[in-house]
Amino acid sequence: MINIVGIGLGDRENITLKAIDTIKNSTLIIGAKRQIQAVNYLNKNAKYIEYVKLEDIIKNIKDNIDKDICVLASGEPNLYGISNYIIENMKPYEDINIISGISSVAYLFAKMKISMNDVYITSFHGRQINEEMILMSKKTAFFTDSKTSVYDIAQIYLKNNKNPKFIIGENLSYNNEKITIKYANEITKQEIYKMYILISILN
């Protein structure tokens, strides 16, 4: 059995009871360094394997397919997460279970008391952004990567004569959490944001 477990944002208070129970009952736990550090207090008897590349996850699963495996996923595994990658690369194996977690996008919307009913969610992780879609959407949430700056995103709007409000959430749920609110035309090229989620709201 492979359990892909969403562990939320990292803070212990944001992990679900189902995720905790699954981790406690696993014999092998696979995750990135930061993910393992966030949950290893839950199960002292399991074997932990740290991965760097996604291919490492598949190799370690196949090498230990007879064990109760838990693969840790940040946030929600099905929202620009690793679940689809694992499912596709483990075919025809189907004994896979997904445990939902709290996504950073949902967390930030809740923190700001803003409805998610009409939000368009996209990601810069190895993907081409659909500029037409974000320009026509009142609310857009961006999963970002280290290559794309808030300034770069602001320019997409500004070159089309739009000036949305940006809500930038850094290190969400951690002690050094920081939320910055600015309009696109206030973002400078020199500003650096780390580990952030961006919400854009058009008037």
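These figures come from a predicted structure and were not determined experimentally.
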Distance-only check: which donor-acceptor pairs under 3.5 Å involve side-chain atoms of residues 190-203, not counting sequence neighbours?
unit_1: E191; atom_1: OE1; unit_2: K182; atom_2: NZ; d: 3.0
unit_1: E191; atom_1: OE1; unit_2: Y193; atom_2: OH; d: 2.4
unit_1: E191; atom_1: OE2; unit_2: K182; atom_2: NZ; d: 3.2
unit_1: E191; atom_1: OE2; unit_2: T188; atom_2: N; d: 2.8
unit_1: E191; atom_1: OE2; unit_2: T188; atom_2: OG1; d: 3.2
unit_1: Y196; atom_1: OH; unit_2: T148; atom_2: O; d: 2.9
unit_1: Y196; atom_1: OH; unit_2: V150; atom_2: N; d: 3.4
unit_1: S200; atom_1: OG; unit_2: Y157; atom_2: OH; d: 3.0

Side-chain contact test, heavy atoms from C-beta onward, threshold under 4.5 Å: evaluate it for I167 versus I114 and give yes or no.
yes

Using only heavy-atom distances, determine whether the side chains of E177 and Y107 contain a donor-acceptor pair under 3.5 Å.
yes

State yes or no: do V39 and Y51 share one hydrophobic cluster built from I, L, V, M, F, W and Y residues joined by side-chain heavy-atom distances below 4.5 Å, directly or via other members?
no

Examine distances only and state if a side-chain atom of N160 and a backbone atom of K162 form a donor-acceptor pair shorter than 3.5 Å.
no

Taking side chain as C-beta onward, heavy atoms only, is I179 less than 4.5 Å from E170?
no

Identify whether I98 and I102 are in the same connected component of the hydrophobic contact network (ILVMFWY, side-chain heavy atoms under 4.5 Å).
no

Under 4.5 Å between side-chain heavy atoms, hopping through other hydrophobics if needed: is there a path connecting I82 to F143?
no

pair E55-I58: side-chain heavy atoms closer than 4.5 Å
no

Does atom CE (M136) have a neighbourhood of more than 12 heavy atoms from anything else shown, all under 6.0 Å?
no

For a quick test of reading the model, state the closest non-hydrogen atom pair linking Y183 to N163 and the distance between them.
CD2-O, 3.5 Å

List in chain and number order the residues that pass side chain to side chain contact (heavy atoms under 4.5 Å, CB included) with N176, two or more places apart in sequence or in another chain; answer none if no residue qualifies.
N171, Y174

dist I168:CD1 -> I187:CD1 (nearest 0.5 Å) comes out at 4.0 Å

Below 4.5 Å, heavy atoms only, C-beta onward: do I96 and M90 meet side chain to side chain?
yes

Would you sort out whether K139 and D118 count as a salt bridge (charged side-chain N to carboxylate O under 4.0 Å, His left out), showing the intermediate values?
CA-CA 7 Å; K139 301 172 190 170; D118 51 354; 2.9 Å; yes

Set out, in order, the CA-CA distance, both residues' side-chain angles and the distance that settles side-chain contact (heavy atoms from CB on, under 4.5 Å) for V105 and M116, then state yes or no.
CA-CA 9 Å; V105 167; M116 293 182 67; 3.8 Å; yes

Working note: I65 + Y93, criterion side-chain contact (heavy atoms from CB on, under 4.5 Å); need CA distance, chi angles, decisive distance, verdict.
CA-CA 10 Å; I65 201 67; Y93 186 85; 3.8 Å; yes

Kindly indicate, with the supporting measurements, whether the criterion salt bridge (charged side-chain N to carboxylate O under 4.0 Å, His left out) is fulfilled by K159 and E131.
CA-CA 11 Å; K159 72 182 183 182; E131 291 191 14; 3.5 Å; yes

With sequence neighbours left out, which residue pairs that include part of residues 60-76 fulfil the salt bridge (Lys or Arg N to Asp or Glu O under 4.0 Å) condition?
K59-D63

Separation between CD1 of I86 and CD1 of I2, rounded to the nearest 0.5 Å
7.5 Å

Are the side chains of I153 and T144 in contact, using a 4.5 Å heavy-atom criterion?
yes

Testing the basics here: between C70 and S26, what is the closest heavy-atom pair and its distance to 0.1 Å?
CB-OG, 3.2 Å

Separation between CG (N130) and OG1 (T140), nearest 0.5 Å, reads 10.0 Å

Would you give me the side-chain donor-acceptor pairs under 3.5 Å for residues 7-21, sequence neighbours excluded?
unit_1: D11; atom_1: OD2; unit_2: E13; atom_2: N; d: 2.9
unit_1: T16; atom_1: OG1; unit_2: A19; atom_2: N; d: 3.1
unit_1: D21; atom_1: OD1; unit_2: N25; atom_2: ND2; d: 3.3

I would like to know whether Y80 and T122 meet side-chain contact (heavy atoms from CB on, under 4.5 Å); could you show each step before the answer?
CA-CA 8 Å; Y80 292 108; T122 188; 4.2 Å; yes

Of all heavy-atom pairs between A154 and A184, which one has the smallest distance, and what is that distance?
CB-O, 3.7 Å

Can you tell me how far CG of N3 sits from CG of N97, rounded to the nearest 0.5 angstrom?
5.0 Å

With rounding to the nearest 0.5 angstrom, report the CD1 to CD distance, I181 to E186.
11.0 Å

What are the two closest non-hydrogen atoms of S137 and M133, and how far apart are they?
OG-O, 2.6 Å

Quick check: closest heavy atoms across V119 and F109, and the distance to 0.1 Å?
CG2-CZ, 3.5 Å

Between Y85 and V5, is there shared hydrophobic-cluster membership here, with clusters defined by ILVMFWY side-chain heavy atoms closer than 4.5 Å?
no

Is there a chain of hydrophobic side chains (I, L, V, M, F, W, Y, each step under 4.5 Å between heavy atoms) that links Y48 to I4?
no

Mind checking the CD1-CD1 spacing from I23 to I36? Nearest 0.5 Å is all I need.
11.0 Å

Tell me, with the steps shown, if I29 and L72 meet side-chain contact (heavy atoms from CB on, under 4.5 Å).
CA-CA 7 Å; I29 299 172; L72 303 175; 3.8 Å; yes

Do any pairs count as a salt bridge (Lys or Arg N to Asp or Glu O under 4.0 Å) and have a residue in residues 43-54, sequence neighbours left out, and if so which ones?
none

The complete set of salt bridge (Lys or Arg N to Asp or Glu O under 4.0 Å) pairs with one or both residues in residues 86-103, sequence neighbours excluded, reads E88-K91

